[in-house]
Amino acid sequence: MRECRRTRKRWTDLPVPQVCERRDPDPSRMQMPQGNPLLLSHTLQELLARDTVQVELIPEKKGLFLKHVEYEVSSQRFQSSVYRRYNDFVVFHEMLLHKFPYRMVPALPPKRMLGADREFIEARRRALKRFINLVARHPPFSEDVVLKLFLSFSGPDVQNKLKESAQLVGDEFMNCKLATRAKDFLPADIQTQFAISRELIRNIYNSFYKLRDRAERIASRAIDNAADLLIFGKELSALGSDTTPLPSWATLNSSAWSFLKQALKGLSVEFALLADKAAQQGKQEENDVVEKLNLFLDLLQSYKDLCARHEKGLLHKPQRALHSYSLMKRPASGTAGQTREPESVQQLESRILEQENAIQTMELRNYFSLYCLHQETQLVHVYLPLTSHILGAFVNSQIQGHKEMSKVWNDLKPKLSCLFAGPNSTLTPPRSPQDGVSPH
């Protein structure tokens, strides 16, 4: 691979780093924004409008030993619909990490284990949908050929196609015009800013994690309430449909029980409707509230993972490189007064030169990593207004759900009057809240 050299004033006494150039650069990716390129100018609405990707299950296919699940992945942006398996997502995820090691790459849900049930498969489908939408709306990812291939390529072997496209070019550092000048755009207190932002986002993550758990419980209670209402109505209907004869000595020749049974029979319809409304509210809160919270949590987790990768690269790789460099310099200085073979000296000097280049390139990469981390931090803050969307969806769901159920309850109330209007009945219907409050 042909390499090019770039010079920096600070390193006039050392060889320049060797950075490879990308083949056939995409003008849209190489275009620099106006002003400081470190600063993002995106809004949440702009990010959400980049694409909406649907991931739906298609019927299972039986393999030789196990069934495997396929997904239909549909993109609004590319007007495409393709079939993908979980392993296709795995290769796509690996290629993203290969090309964008300094960006927030969301994690994939776990691979299916033996005996996975429908609940697991549905949870994984939702997680894959969140993953691909976060990727499709991420500024650098959305303009990369790997994403377009994954969302639109309908050939027989998408995994090899993804790998081939990634092998043609290096990572983002090798393709970005600003990579070797990243330090020039960073604020002087970047490390302090990074520590503060990381702590803030950690706190936000912890709070949203608790909010998501409570939202799940609220949605689950609505669904459980629906099941209880349905059973309640069925039991009333069962009472009304009971055909067991009653002895006359027990009823004292009264027809009250027969009258009650007839009235109870018709109540199951309203309770079934109440159950349906409660189930709708629970499902709506799962889709509009819990899933949006999960989406934001996935983004925050990918930021935490990125911070961990940054620190690992910042601490370990330079230390290993400097250790190797010191080992090579030691024999060179220790044998300065001794006669060595010309080829051996030349080889050692060449190795030292390569190691110095590697150390310098590593430092440039560390600054580029900070540059990307600064932008990814901004991207997290661009997503923060999603909080208002989530709260709005939650409030609207509660209002709509209670309004619809209140209407059914009010429609049900007049039908209860017949329960108190039977022959020889001395009971009166209970007073409604509007009739006044108890003297107590």
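Side chains included, hydrogens not; waters and symmetry mates left out as well; all remaining heavy atoms used. For this chain, numbers begin at 1 and follow the sequence in order.
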Is [X] atom [atom1] crowded by more than 12 heavy atoms from other residues, nucleotides or ligands, each under 6.0 Å away?
{"X": "R217", "atom1": "CZ", "answer": "no"}
{"X": "K283", "atom1": "NZ", "answer": "no"}
{"X": "E199", "atom1": "CD", "answer": "yes"}

Please verify the inter-ring angle class for F232 with F271; under 30° counts as parallel, over 60° as perpendicular, anything in between as tilted.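 Plane angle between 30° and 60°, so tilted.
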Y102 and F368 aromatic ring geometry - parallel, tilted or perpendicular at 30°/60° bounds: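 F368 and Y102: perpendicular rings.
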Within the structure provided, determine whether [X] and [Y] are in side-chain contact (heavy-atom separation under 4.5 Å).
{"X": "R137", "Y": "T52", "value": "yes"}
{"X": "H98", "Y": "D171", "value": "no"}
{"X": "K148", "Y": "R77", "value": "no"}
{"X": "L151", "Y": "V73", "value": "yes"}
{"X": "V290", "Y": "L293", "value": "no"}
{"X": "V90", "Y": "K111", "value": "no"}
{"X": "P101", "Y": "F173", "value": "no"}
{"X": "V105", "Y": "K99", "value": "no"}

For the atom pair [atom1] ([X]) and [atom2] ([Y]), what is the distance rounded to the nearest 0.5 Å?
{"X": "L300", "Y": "F208", "atom1": "CG", "atom2": "CZ", "result": "7.5 Å"}
{"X": "L39", "Y": "Q378", "atom1": "CG", "atom2": "CD", "result": "5.5 Å"}
{"X": "L295", "Y": "L299", "atom1": "CG", "atom2": "CG", "result": "7.0 Å"}
{"X": "Q54", "Y": "S74", "atom1": "CD", "atom2": "OG", "result": "7.0 Å"}
{"X": "L384", "Y": "L379", "atom1": "CG", "atom2": "CG", "result": "10.5 Å"}

Any donor-acceptor N or O pair under 3.5 Å, side chains [X], [Y]:
{"X": "Q301", "Y": "Y205", "value": "yes"}
{"X": "Q398", "Y": "E285", "value": "yes"}
{"X": "N396", "Y": "Q400", "value": "no"}

Residue pair S397, Q281: steps toward the side-chain contact (heavy atoms from CB on, under 4.5 Å) verdict: CA-CA 6 Å; S397 173; Q281 181 179 349; 3.7 Å; yes
Test the R103-F141 pair against the cation-pi criterion, namely NZ or CZ under 6.0 angstrom from the six-membered ring centroid and within 45° of the ring axis. no
Does Y71 have R125 sitting over its ring (NZ/CZ under 6.0 Å from centre, angle to axis within 45°)?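 Pair R125/Y71 does not count as cation-pi.
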I'd like to know whether the aromatic ring centres of F296 and Y383 sit less than 6.0 Å apart in this structure. no
Ring-ring centroid check H374 F185, cutoff 6.0 Å: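 Centroid distance H374-F185: not below 6.0 Å, so no.
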Do the side chains of K407 and D411 get close enough for a salt bridge, i.e. N-O under 4.0 angstrom? yes
Test side-chain contact (heavy atoms from CB on, under 4.5 Å) applied to K129 and E291, step by step: CA-CA 10 Å; K129 180 180 177 181; E291 274 304 293; over 6 Å; no
Does any N or O in the side chain of [X] come within less than 3.5 Å of the main-chain N or O of [Y], such that one atom is a donor and the other an acceptor?
{"X": "D213", "Y": "K210", "value": "no"}
{"X": "K261", "Y": "D242", "value": "yes"}
{"X": "N175", "Y": "G170", "value": "yes"}
{"X": "S197", "Y": "F194", "value": "no"}
{"X": "E143", "Y": "P140", "value": "no"}
{"X": "N225", "Y": "R221", "value": "no"}
{"X": "E376", "Y": "C307", "value": "no"}
{"X": "T377", "Y": "L373", "value": "yes"}
{"X": "H93", "Y": "P106", "value": "yes"}

Under the side-chain contact (heavy atoms from CB on, under 4.5 Å) criterion, do L229 and M405 qualify, and how do the steps go? CA-CA 12 Å; L229 286 167; M405 291 191 71; 3.8 Å; yes
Please give me the minimum heavy-atom distance between [X] and [Y], naming the atom from each residue.
{"X": "A219", "Y": "E286", "result": "CB-CG, 3.8 Å"}
{"X": "K163", "Y": "M95", "result": "CA-SD, 3.9 Å"}
{"X": "Y371", "Y": "L186", "result": "CA-CD2, 3.7 Å"}
{"X": "L386", "Y": "L44", "result": "N-CD2, 3.6 Å"}
{"X": "R50", "Y": "A136", "result": "CB-O, 4.1 Å"}
{"X": "V146", "Y": "L162", "result": "O-CD2, 3.6 Å"}

F78, Y83, F92 screened by ring-ring contact (aromatic ring centres under 6.0 Å, His included) with F150, the one that passes: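 Of the listed options, the one satisfying the test is F92.
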Stepwise side-chain contact (heavy atoms from CB on, under 4.5 Å) check, R126 with N287: CA-CA 10 Å; R126 288 174 178 266; N287 294 328; 3.2 Å; yes
